[in-house]
Amino acid sequence: MRHSGKGFLGGARPVRHFGHSGKIIFLTGALAALGAGWAGFPRALYSSRPQPVEFSHKVHADKAGTACEDCHALRADGSFAGIPAFEKCTGCHAAAMGTSAAEKAFIDGYVTPGREPVWESYARQPENVYFPHAAHLKLAKLKCERCHGGHGATDKPRPVEIDRISGYSRDVWRGMKMDDCVACHREQHLEHSCLDCHK
Amino acid sequence: MNATRRNVLKLAGGGAVGALFTPAPWRLITDAALWSENWPGIPRPARGEITSKATNCSLCTAGCPVRARCVAGQPVAMIGAQCPFGITGHHLPYHPARVRQGPVQQAAEAVARGRRVAVLDLRPGRTASWTYRRAMKAMKGTYIAPPQPPAAVDLAAAKIVLSAGVPVLEDWGTPRNVLAARGHFRLIYAGAVETRTAALADEWIRVQPGSEQALVEGIAGSISAGEAAARTGIPAERIASLAAELRDGGPSLVLDAEFSPEALSLSTGTLAVRAEAPVPATWAREAAPVTALADVANGSIDVLLIDESAPGEYLPWNTIQPKLVRNDAAVIAFAWSRRGYGRWANYVLPAPVYPEALDDIPPAIDSPAPVFRLSVPLMTPPEGTINPAKFAGDLAGINAAAALRGRAKAIDASDEFWKSLNEGATWIGKPKAWQAGSLSQKSMGSQSPAAETDLPLTVVLTERRGGAAPVSPLLSKLYQESELRLKPNRAALNPDDARAAGLAEGERASLQTAIGRCDIAVAFDASLPRGVVEAAARPGILDVCAPGARAKVVRL
């Protein structure tokens with residue numbers, strides 16, 4: 001420990017520098033914060049909600065040849081129906097079509113007792129956002145994957161992660177933020193104003 | 001390595017620096033902002049099935065057909081509405097100034113105590129109006145309504161229109177009719193102030209303030225061209241050429257604020273007898289006559305029921321008050337807020353607001369044929385609201401709930417007809433051509449007092465659609481935060497007039513008319529001619545003056 005300079009009353013004032021141990025302590029704190037921030041914070045921030053049924057998009061696309069719009073359809077007035085109605089599922093799965101445990105659990109747990117599963121939405125936009133699927137699918141001819149990623153090829157639904165503070169789905173931050181919308185519109189040289197999406 | 005204070009601070013410092021390189025602090029800032037957007041109390045749009053429902057807008061007598069887009073049964077857009085008020089009509093049930101509870105029992109007891117009951121119906125011609133008339137007949141009361149025009153206008157037939165101060169292109173008729181006909185007639189606007197109608201007219205004739213009626217009388221020959229020229233400031237030759245233009249360029253339509261006999265006589269082929277949809281034969285026998293407020297004796301009303309639920313002509317309170325008995329009168333207002341007659345009423349009972357109420361809409365001024373259409377409720381009114389017609393009907397033992405169906409049956413008794421009406425359909429009757437002798441009733445009559453020498457200014461009212469009618473709170477934001485529109489209780493004067501009266505811009509002053517006075521803030525407007533005071537038609541102003549009234553502005 002070296003001493004130099006003047007104290008408040010004219011006496012010697014100690015000047016302390018980071019020694020070796022001080023650097024280690026500082027770096028330990030920084031590393032702990034980095035670990036907590038990158039690994040622990042997301043776990044703490046998001047609550048995880050499992051889907052009620054182990055639905056395989058992959059099986060339905062590959063084996064049944066189902067396209068996205070067969071179940072996630074547009075209504076007659078152009079509005080998006082979102083998650084398909086229970087009747088859409090029971091139309092095919094009134095009885096087991098395969099031998100999978102997931103299908104059996106679905107039929108036993110929901111179809112037979114007539115209990116509709118309560119699906120969690122991955123992509124629900126905030127209340128102040130108006131997003132017309134019809135315009136983007138029919139006019140812009142966008143593929144579902146452009147915003148929803150590879151969700152249609154998953155074999156098992158991952159849990160929906162909801163931000164505990166804002167209440168928004170984590171998927172919104174994966175390519176469905178306002179910046180993403182604006183960037184895409186700019187790419188397409190489209191005029192846009194606030195009121196296009198925020199009615 | 002000891003756990004000294006210094007080491008703890010080093011660890012914390014390292015942690016703070018490290019945290020800056022993680023998403024945590026930045027994300028917390030964003031999330032906190034998003035969280036604040038979702039605080040409890042912030043309205044959330046409903047989620048659910050998207051449907052549409054047809055109705056007719058009842059905010060004015062234009063009765064525009066509307067297709068309401070509903071989400072989970074809640075209207076979120078009014079498609080087809082033709083004006084800003086109609087487009088935002090679905091906001092009204094959520095208006096922060098809305099009255100939601102009222103002393104119903106006390107009001108009923110006050111009515112029971114009264115001997116001389118009267119109803120003031122601001123929008124006559126509805127089925128509810130007939131309920132009031134029947135109730136008043138049964139109770140030996142008086143049914144009062146604002147003056148109604150004797151004729152209806154067929155704008156589509158007109159080739160030339162002379163408007164003497166009537167805002168034809170603003171808040172006068174049915175927007176779709178006016179827009180459809182506008183390309184087919186020449187519009188001459190005579191007025192002292194450059195209103196929006198004046199700006200959009202083919203010709204604007206600037207006349208002396210308050211002399212519009214003199215111009216019509218001069219053209220009709222009721223007064224000499226010389227006298228008309230002196231009063232209007234228009235050369236006698238121009239008045240003569242206007243008369244020739246109306247005569248030779250017809251079919252012609254002359255509109256003035258009072259539907260004067262002169263205006264009616266100058267209109268050729270563009271008028272029809274104003275008629276309502278048929279009513280059951282028994283109603284006419286059981287109904288009290290329509291009485292003009294001016295014909296009601298002073299001090300003759302114990303209990304006054306005012307139906308403010310359907311927006312209509314606002315009668316100045318200062319003309320109503322003398323009709324009440326001096327100290328003991330009970331005034332019961334059925335209103336959406338306390339901003340209208342609720343300021344004066346003893347009891348304010350909450351009434352349903354558009355689009356909550358089932359009501360019919362009387363024909364508009366530019367509807368030459370009788371019509372019958374319903375404003376079908378799109379929402380359920382909140383608990384505690386009172387249907388004014390039902391309240392009055394119950395007093396006299398009349399089933400008001402069945403009245404609309406009963407009137408529909410007088411037109412067509414089939415269930416299909418009733419079903420169509422409830423799906424937004426309009427029944428249109430046959431127009432009856434106007435004949436020279438059709439004027440079986442008095443003209444509407446000027447509500448403005450005669451010119452008085454100590455009242456040098458003429459009142460010009462703007463934003464007449466407002467009155468005490470419900471308006472989306474979002475629409476009021478514009479004038480609350482800007483000077484683009486005249487704010488309530490603010491009046492504009494020519495700067496020379498204002499200075500002559502010793503007034504400064506923004507100064508508080510008193511607007512005085514023959515029937516009363518109200519406090520205003522003075523605004524200077526160099527575009528106004530001298531001799532005019534312009535004010536927004538809001539209840540405070542309307543309590544003391546009608547359009548065209550004589551007034552003065554004095555310092556407080």
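Naming: A, B, ... by sequence-line order, numbering from 1 per chain.
Within a 6.0 Å radius of CZ in B/Arg67, other residues, nucleotides and ligands contribute 12 heavy atoms or fewer. By the 6.0 Å contact criterion, NZ on A/Lys177 is enclosed, its count of non-hydrogen atoms from other residues, nucleotides or ligands being greater than 12. A/Arg174 CZ: more than 12 foreign heavy atoms inside a 6.0 Å radius. By the neighbour-count criterion of 12 heavy atoms within 6.0 Å, atom CZ of B/Arg100 is densely surrounded, having more than that number from other residues, nucleotides or ligands. Heavy atoms from other residues, nucleotides or ligands lying under 6.0 Å from NZ of A/Lys88 number 12 at most. Annotation: A/Glu187, atom CD; neighbour count of heavy atoms from other residues, nucleotides and ligands within 6.0 Å is above 12. The environment of CZ in A/Arg146 is sparse: at most 12 heavy-atom neighbours from other residues, nucleotides or ligands sit within 6.0 Å.
Taking A/Asp163, A/Leu45, A/Leu27, A/Leu31 one by one and counting their heavy-atom pairs under 4.5 Å with chain B, the maximum is reached by A/Asp163. For the options B/Gly13, B/Ser36, B/Pro23, B/Ser52, heavy-atom pairs under 4.5 Å to chain A are most numerous at B/Pro23. If you tally non-hydrogen atom pairs under 4.5 Å between each of B/Leu9, B/Asp31, B/Leu34 and chain A, the highest count goes to B/Asp31.
Rounding to the nearest 0.5 Å gives a distance of 7.5 Å between CG of B/Leu11 and CD1 of A/Ile25. In this structure, CD on B/Glu49 lies 9.0 Å from OG on A/Ser79, to the nearest 0.5 angstrom.
When all heavy atoms of B/Ala24 and A/Gly37 are compared, the closest pair comes out as CB-CA, 4.5 Å. Taking every heavy atom of both residues into account, A/Ala33 and B/Ala19 meet most closely at CB-N, 3.5 Å.
Neither the backbone nor the side chain of A/Pro42 has a heavy atom closer than 4.5 Å to any heavy atom of chain B. Contacts of A/Arg75 with chain B are made by side-chain atoms alone, with heavy-atom separations under 4.5 Å and no backbone atom involved.
Proximity of A/Leu34 to B/Phe21: side-chain heavy atoms (C-beta onward) are separated by under 4.5 Å at one or more points. A heavy-atom distance below 4.5 Å is found between the side chains of A/Trp173 and B/Thr30. With contacts defined as side-chain heavy-atom distances shorter than 4.5 Å, the pair B/Trp35/A/Arg164 does not qualify.
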